Amino acid sequence: QVQLVESGGGLVQSGGSLRLSCAASGRTFSNYAMGWFRQAPGNEREFVAAISMTGGSAGYADSVKGRFTISRDSAKNAVYLQMNSLKPEDTAIYYCAADIRRGRYAYTSLTQDYDYWGLGTQVTVSS
């Protein structure tokens, strides 16, 4: 079992920044890839960013590329999402997720490939 708890969400003006954190517990953190997803009202959950087990590979949705950065700290059992140049369309609940089946250098953007999910943290960007 893996438990995931997100934090760091809030209200920010357009152009501002936020840093989301996801604390993991349970299985050995370095044994699974991690992802961030988001869901806005009326929309399906969508991929934001993912990082491999080793932290050596990462990928982003086109909509956030160049603005968001995913990172992980195995010493703290945590994964982060640094969000810069935020836009109103970034408003959503943000979820972190763990994928326990991926290889060491791989990650996935598919929601169905993730095994564990946090409860989410709200990010609201005002115009």
Side-chain angles (χ1 to χ4, degrees):
Q1 287 287 339
V2 175
Q3 293 78 43
L4 302 171
V5 180
E6 302 93 338
S7 61
L11 174 64
V12 63
Q13 288 189 334
S14 181
S17 298
L18 281 175
R19 187 192 193 210
L20 304 184
S21 300
C22 174
S25 61
R27 298 169 66 116
T28 304
F29 180 69
S30 58
N31 287 349
Y32 43 92
M34 297 294 296
W36 284 97
F37 291 77
R38 67 187 182 186
Q39 188 168 16
N43 292 354
E44 292 188 355
R45 193 168 297 189
E46 65 175 7
F47 170 73
V48 175
I51 190 166
S52 64
M53 192 184 299
T54 65
S57 301
Y60 300 88
D62 287 343
S63 59
V64 307
K65 203 170 292 183
R67 300 188 297 123
F68 290 11
T69 303
I70 188 171
S71 61
R72 64 188 297 160
D73 185 339
S74 293
K76 296 183 178 180
N77 287 356
V79 64
Y80 306 99
L81 187 68
Q82 178 66 45
M83 305 187 296
N84 299 327
S85 302
L86 283 161
K87 305 175 182 180
E89 51 263 44
D90 294 319
T91 295
I93 299 174
Y94 283 71
Y95 301 90
C96 70
D99 168 12
I100 64 173
R101 294 168 284 170
R102 211 58 47 189
R104 289 179 59 81
Y105 305 104
Y107 58 87
T108 177
S109 62
L110 300 178
T111 306
Q112 60 265 33
D113 286 343
Y114 285 82
D115 305 286
Y116 299 96
W117 293 82
L119 296 179
T121 185
Q122 176 71 47
V123 172
T124 303
V125 184
S126 63
S127 57

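Remember, predicted model here, so these are calculated numbers, not experimental data.
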For Val125, is there any backbone N or O sitting under 3.5 Å from a side-chain donor or acceptor partner on Thr91? yes
Check whether Tyr95 reaches the backbone of Phe37 with its side chain - one donor and one acceptor, N or O, closer than 3.5 Å. no
With [X], which residues qualify under side chain to side chain contact (heavy atoms under 4.5 Å, CB included), at least two apart?
X: Ala61; result: Phe47, Ser63, Val64
X: Ala106; result: Arg102
X: Ser52; result: Thr54, Ser57
X: Leu110; result: Thr108, Gln112, Asp113

What pairs meet the disulfide bond (SG atoms under 2.5 Å apart) rule with one or both residues in residues 33-101, with sequence neighbours excluded? Cys22-Cys96
Which residue pairs pass the disulfide bond (SG atoms under 2.5 Å apart) test when at least one of the two sits in residues 36-84, sequence neighbours left out? none
Donor-acceptor list for residues 75-87 side chains, cut-off 3.5 Å, not counting sequence neighbours:
unit_1	atom_1	unit_2	atom_2	d
Gln82	NE2	Asn84	OD1	2.9
Asn84	OD1	Ser17	OG	2.9

Please enumerate all residues that pass side-chain hydrogen bond (donor to acceptor under 3.5 Å, both in side chains) together with Arg19, with sequence neighbours excluded. none
[X] [atom1] to [Y] [atom2] distance, which is reported to the nearest 0.5 Å:
X: Ile93; Y: Asn43; atom1: CD1; atom2: CG; answer: 11.5 Å
X: Asn31; Y: Arg101; atom1: CG; atom2: CZ; answer: 15.0 Å
X: Met34; Y: Ser71; atom1: CE; atom2: OG; answer: 11.0 Å

Applied to residues 2-15, the side-chain hydrogen bond (donor to acceptor under 3.5 Å, both in side chains) test, sequence neighbours excluded, yields Gln3-Ser25
For Asp99 and Tyr107, run side chain to side chain contact (heavy atoms under 4.5 Å, CB included): C-alpha distance rounded to whole Å, both residues' side-chain angles, the deciding distance at 0.1 Å, then the answer. CA-CA 8 Å; Asp99 168 12; Tyr107 58 87; over 6 Å; no
With sequence neighbours excluded, tell me which residues meet salt bridge (Lys or Arg N to Asp or Glu O under 4.0 Å) with Glu46.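 Partners of Glu46 by the salt bridge (Lys or Arg N to Asp or Glu O under 4.0 Å) criterion, ordered by chain and then number, come out as Arg38.
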I'd like to check the salt bridge (Lys or Arg N to Asp or Glu O under 4.0 Å) partners of Arg72; sequence neighbours left out, ordered by chain and number.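 Result, salt bridge (Lys or Arg N to Asp or Glu O under 4.0 Å) vs Arg72: none returned.
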For residues [X] and [Y], report the shortest heavy-atom separation together with the two atoms involved.
X: Val123; Y: Gly9; value: CG2-CA, 4.1 Å
X: Ile70; Y: Ala58; value: CG2-CB, 3.8 Å
X: Ala92; Y: Ala40; value: CB-N, 3.8 Å

May I ask you to test the Asp90-Arg67 pair for a side-chain heavy-atom distance under 4.5 Å?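 In short, these two side chains touch, coming nearer than 4.5 Å.
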What is the ring orientation for Phe68 with Tyr94, classed by angle as parallel under 30°, tilted 30 to 60°, or perpendicular over 60°?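 Correct class here is tilted.
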When Ile, Leu, Val, Met, Phe, Trp and Tyr are grouped by side-chain heavy atoms lying under 4.5 Å apart, directly or through other members, which residues fall in the same group as Tyr105?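 Tyr105 shares its hydrophobic cluster with no other residue.
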